[in-house]
Amino acid sequence: MSSERSRLSRLLDYLPRGNLLGEAEWSRRHRFLQWVLLGHPIGMYLLAVLLGRGAAESALVMAPAVGCLLLSHLVRGRRPASFFVTAGLVYCSAALVWATNGSIEAHFHFFVIIGFIALYQDWVPFGWNIVFTVLSHGLGSWFERDLMFNHLAAQNSPWLWSAVHGVAVLAACTGMVIFWRVSEDEQQAREELTRQLGEAEIGRRRFTSDLLVNLARRNQTMLYRQLDIINQLEEKEQDPDALAELFRLDHLATRVRRNAESLLVLSGEEPYRVWSAPVPLHDVVRAAIAETEHLDRVTTSIATDLAVAGHAVTDLTHLLAELTENAVRFSPPDADVDLRTRRHLRSGDAQLVTIEDYGVGMPPEALAAANRLLADPPEVDLSLSRQLGFHVVARLAARHGIQVSLSPTPGSGITAAVLIPAGLFSVSDEAPAASPAGSREARPAPVPSPAATPVPAAVAPA
């Protein structure tokens, strides 16, 4: 008994499992077969009438196929739906035999539909095709002697010949099952390969993220120590020339720190420096400018009655610094970069920050690609080095619902528009007066960022 079970188990191992199609793929194939079924009663009705069958009788004979089509739309579940489509197609085979007065050539249709129902990759359609073939031939011959067969041998022994036809359909189905099993093995192999590639991709991305975090954390530790030492030297230094050099060194270290924080942004890490209270917008802008090279070329016109929510200060400073640095780098050495803020009338109390440069600009294709990147940043990849700043800006903007877009500056250059939602602002009652519109902020030496200088308790990091 156990040996028989073992042989049966080995036999089943050779057979395909069936019903492994994804929902979308199964639905696509099912809709196709429904269209195939729809065409059968229409075509066969016309053929039956052409061959001399009555119109009413032909319509009545084709009605079950139409009923199967309707049921395949109404029932729930794959196997019931595929059963009714298969039943309709096999019934059409029998109807074709009826329309041609039992012509042997019409029986070929039973074999033709095997290739169609194989699209379901399921056992139910195959089994029903074999069973219906035998029953339709046997019962049809019992109902009317020459309905299914047009030769005497079959008319005299209808069930024997019905079994012969069933075995022939079974043999044809066997060949299709072998093909089905091979296709199923290939499908499973592709799915396994896709799964392994997906796991490898996830592992690669996790490795990239961990690598960025590790590098950034190491750099941060050394940079904060360096900034502490520079601050101590600045407090003790009395010589103006030496103090100016220390400020330059402080400025360089601050820019390096921003680069380290960019790695954390790309890895999805939250900002390390978080502020406990709102910070005036003009201070955020000054801090962003202080983190850029050639900051003396940036002119500003900033609203003074607004303050940025503490949780967004660090990210907004970083975002504006990246865009400002980019504008300064790609504009002529003697050209200014204009940074302005104004209320965005179409978005309530939102603020629009524009950063205009007058450099070489960007080709239309590159500009469109950059805007797509800013609107929908891709996953972290080792190929991000070419437009690292844009990737960082896109991720910082996505954190806070900020919209960033680029457009050509009239004449030449690029204008970056940063739309900051109203939810990131609060009214500042004690904000200092704004600089004159378009004026250059006077500073004898680079202004250190808020993280590198003492700040009031109201805006101290949390």
Residue among Val418, Ile402, Leu319 satisfying side chain to side chain contact (heavy atoms under 4.5 Å, CB included) with Val393: Leu319
Using a 4.5 Å cut-off on heavy atoms from C-beta on, say whether the side chain of Arg78 contacts that of Glu23. yes
Quick one: does any side-chain atom of Thr409 pair with a main-chain N or O of Thr415 as donor and acceptor, under 3.5 Å? yes
Does the Thr292 side chain pair with the main chain of Ile289, one donor and one acceptor, at a distance under 3.5 Å? yes
Scanning both residues in full, the closest heavy-atom pair of Val49 with Ala55 reads CG2-CA, 4.1 Å
Just by distance, do the side chain of Arg297 and the backbone of Ala335 share a donor-acceptor pair under 3.5 Å? yes
Nearest 0.5 Å, please: how far is CD in Gln351 from CG in Leu424? 11.0 Å
Kindly write out the residues that satisfy ring pair (Phe, Tyr, Trp, His ring centres under 6.0 Å) with Phe83, not counting sequence neighbours, or none if the list is empty. Trp128
Non-hydrogen side-chain atoms of Phe425 and Asp305 separated by less than 4.5 Å: no
For His30, check ring pair (Phe, Tyr, Trp, His ring centres under 6.0 Å) against everything at least two apart and list the hits. Trp26, Tyr120
Shortest non-hydrogen contact from Val337 to Ile355? CG1-CG2, 3.8 Å
Can you give each donor-acceptor pair under 3.5 Å made by side-chain atoms of residues 357-364, sequence neighbours left out, with the distance rounded to 0.1 Å?
residue : atom : partner : partner atom : Å
Asp357  : OD1  : Gly359  : N            : 3.0
Asp357  : OD1  : Ile414  : N            : 3.1
Tyr358  : OH   : Asp338  : OD2          : 3.0
Tyr358  : OH   : Glu356  : OE1          : 3.3

Between Ala350 and Pro421 the two heavy atoms that sit nearest each other are CB-CA, 4.1 Å
Is there a side-chain contact between Leu323 and Val404 in this structure, where contact means two heavy atoms from C-beta onward sitting under 4.5 Å apart? yes
To the nearest 0.5 Å, how far apart are OG in Ser331 and NE2 in His294? 9.0 Å
Find out whether Leu47 and Leu96 are in side-chain contact, i.e. whether some heavy atom of one side chain is under 4.5 Å from a heavy atom of the other. yes
Going from CZ on Phe116 to CZ on Arg29, what distance comes out if it is rounded to the nearest 0.5 angstrom? 13.5 Å
Quick one: closest heavy-atom pair of Phe84 and Cys68, and the distance? O-CB, 3.3 Å
Can you find a heavy atom in the side chain of Asn371 that is under 4.5 Å from one in the side chain of Leu367? yes
Ignoring hydrogens and angles, tell me if any N or O in the side chain of Asp376 forms a donor-acceptor pair with the backbone of Arg372 under 3.5 Å. no
Student check: side-chain heavy atoms of Ile302 and Leu339 closer than 4.5 Å: yes
Heavy atoms, side chains only, cut-off 4.5 Å: are His109 and Met44 in contact? yes
Value for CZ (Arg399) from CG (Asp315), rounded to nearest 0.5 Å, stands at 4.5 Å
Gap separating the CG atom of Leu37 from the SG atom of Cys92, nearest 0.5 angstrom: 5.5 Å
Looking only at non-hydrogen atoms, find the nearest pair between Ala321 and Ala288 and report the distance. CB-O, 3.5 Å
How long is the straight-line distance from OG of Ser301 back to NE2 of His282, given to the nearest 0.5 Å? 12.5 Å
Just wondering, more than 12 heavy atoms not from Gln34 lying within 6.0 Å of its CD? yes
What residue among Val66, Leu33, Leu69 forms side chain to side chain contact (heavy atoms under 4.5 Å, CB included) with Leu38? Leu69
Indicate the atoms forming the closest heavy-atom contact of Leu406 with Ala416, along with that distance. CD2-CB, 3.7 Å
